[in-house]
Amino acid sequence: MKHNVRIFSAILLCLTLLFSTVAMISCGGDDGQSEETRDPNKAPATLESIYAAVSASVPNADKLVDAQASRLGGFFNGAVPEDFASYKIVIQSMSTSIDEIGIFEAKTPEDVKKIESMVDEFFEFYMSLWNDDYLAEEKPKLENAERVTSGNFVMYVILDDDARAAAITAFENETK
């Protein structure tokens, strides 16, 4: 009886190892993307291609204008353009809307976390400045602002629910 238990245990251990190995191999890959999601003919994402995809998906994105570099230092904890490989921030210039999109390309993978923190601090700072007596209908956009990351790209969006969802989907599709 003991002999049968040992054989059964050995077989069970071998099967467990076999299934674990198969699972690890099937989940592997150079960049974590499966062959079905990676388009080998697609050029790598750039700031320009990401912004083009995002702005095409957001209604009235054509009314957003490039923010001046001074916005970085004033709203993003003293950041300067040289802190990034590239970046683009677009805002409403003459409107009662607070719509805003920012896309940052980190110089290194280590810089991604710094940019994420910078964006999170920006959200907190912006909320601390908010005056509920002014544009109260716009506050939900800020309260629901989102930051998403893919590779060395970090994007934030301050938009209404539908536009925010469309922008995030476009960002994710362009960067995969």
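Quick caveat, the model's predicted, so the values are computed rather than measured. Each residue takes its place number in the sequence, starting with 1. The figures here come from the full heavy-atom set of this structure, side chains too, leaving out hydrogens, waters and symmetry mates.
One finds the OG atom of Ser55 at 8.0 Å from the CD1 atom of Ile103 (value rounded to the nearest 0.5 Å). Atom NZ of Lys88 sits about 8.0 Å away from atom CD of Glu48, to the nearest 0.5 Å. Asp160 contributes atom CG, which lies 10.5 Å from atom CG of Asn144 (distance to the nearest 0.5 angstrom). Distance CG/Asn173 to OG1/Thr175: 8.0 Å, rounded to 0.5 Å. In this structure, the separation between CZ on Phe76 and CZ on Phe125 is 10.5 Å, given to the nearest 0.5 Å. Taken from OG in Ser117 to CD1 in Ile115, the straight-line distance is 10.0 Å, to the nearest 0.5 Å.
Transitive grouping of hydrophobic side chains (ILVMFWY, heavy atoms separated by less than 4.5 Å) keeps Ile101 and Phe75 in distinct clusters. Residues Val65 and Leu47 do not share a hydrophobic cluster, defined by chaining ILVMFWY side chains whose heavy atoms lie under 4.5 Å apart. Val119 and Ile158 fall within a single hydrophobic cluster, where Ile, Leu, Val, Met, Phe, Trp and Tyr side chains are chained together by heavy-atom contacts under 4.5 Å. Residues Val112 and Phe122 are members of one and the same hydrophobic cluster, defined by side-chain heavy-atom contacts under 4.5 angstrom among Ile, Leu, Val, Met, Phe, Trp and Tyr. The hydrophobic clustering, which links ILVMFWY residues whose side-chain heavy atoms are closer than 4.5 Å, places Val154 and Ile50 apart.
Contact between Asp83 and Lys107 at its shortest, heavy atoms only, is C-CE, 4.1 Å. Between Pro109 and Asn152, the shortest heavy-atom distance links the atoms CA-OD1, 3.6 Å. Counting all heavy atoms, side chain and backbone alike, Val58 lies closest to Ala163 at CG2-O, 3.9 Å. Residues Glu138 and Ser97 approach most closely at OE1-CA, 3.3 Å, considering heavy atoms. Arg164 and Leu159 make their closest contact through NH1-O, 3.0 Å (heavy atoms, listed as atom of the first residue, atom of the second, distance). Between Leu72 and Ala79 the shortest heavy-atom distance is CB-O, 3.4 Å.
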(request) Any chance you could lay out the side chain to side chain contact (heavy atoms under 4.5 Å, CB included) test for Tyr156 and Phe104, step after step, and finish with the verdict? (result) CA-CA 9 Å; Tyr156 73 88; Phe104 300 92; 3.7 Å; yes
(message) Apply side chain to side chain contact (heavy atoms under 4.5 Å, CB included) to residues Glu105 and Phe84 and explain how you reach the verdict.
(response) CA-CA 6 Å; Glu105 181 182 7; Phe84 315 101; 5.9 Å; no
(request) Give the C-alpha distance, both sets of side-chain angles, the deciding distance and a yes or no for side chain to side chain contact (heavy atoms under 4.5 Å, CB included) between Ser49 and Thr46. (result) CA-CA 5 Å; Ser49 70; Thr46 64; 3.4 Å; yes
(message) Please evaluate residues Ile168 and Met155 with respect to the criterion side chain to side chain contact (heavy atoms under 4.5 Å, CB included), reporting the C-alpha separation (whole Å), side-chain torsions for both, the decisive distance (0.1 Å), and the verdict.
(response) CA-CA 8 Å; Ile168 291 170; Met155 179 182 77; 4.2 Å; yes
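The closest side-chain heavy-atom distance from Phe153 to Glu174 is not below 4.5 Å.
With sequence neighbours excluded, no residue forms a ring pair (Phe, Tyr, Trp, His ring centres under 6.0 Å) with Tyr51.
Of the N and O atoms on the side chains of Thr149 and Glu116, at least one donor lies less than 3.5 Å from an acceptor on the other residue.
For Asn77, the CG atom counts as loosely surrounded, since its 6.0 Å shell holds 12 or fewer non-hydrogen atoms of other residues, nucleotides or ligands.
Pairs passing the side chain to side chain donor-acceptor pair (under 3.5 Å) check and including a residue from residues 67-76, sequence neighbours excluded, read Arg71-Glu100.
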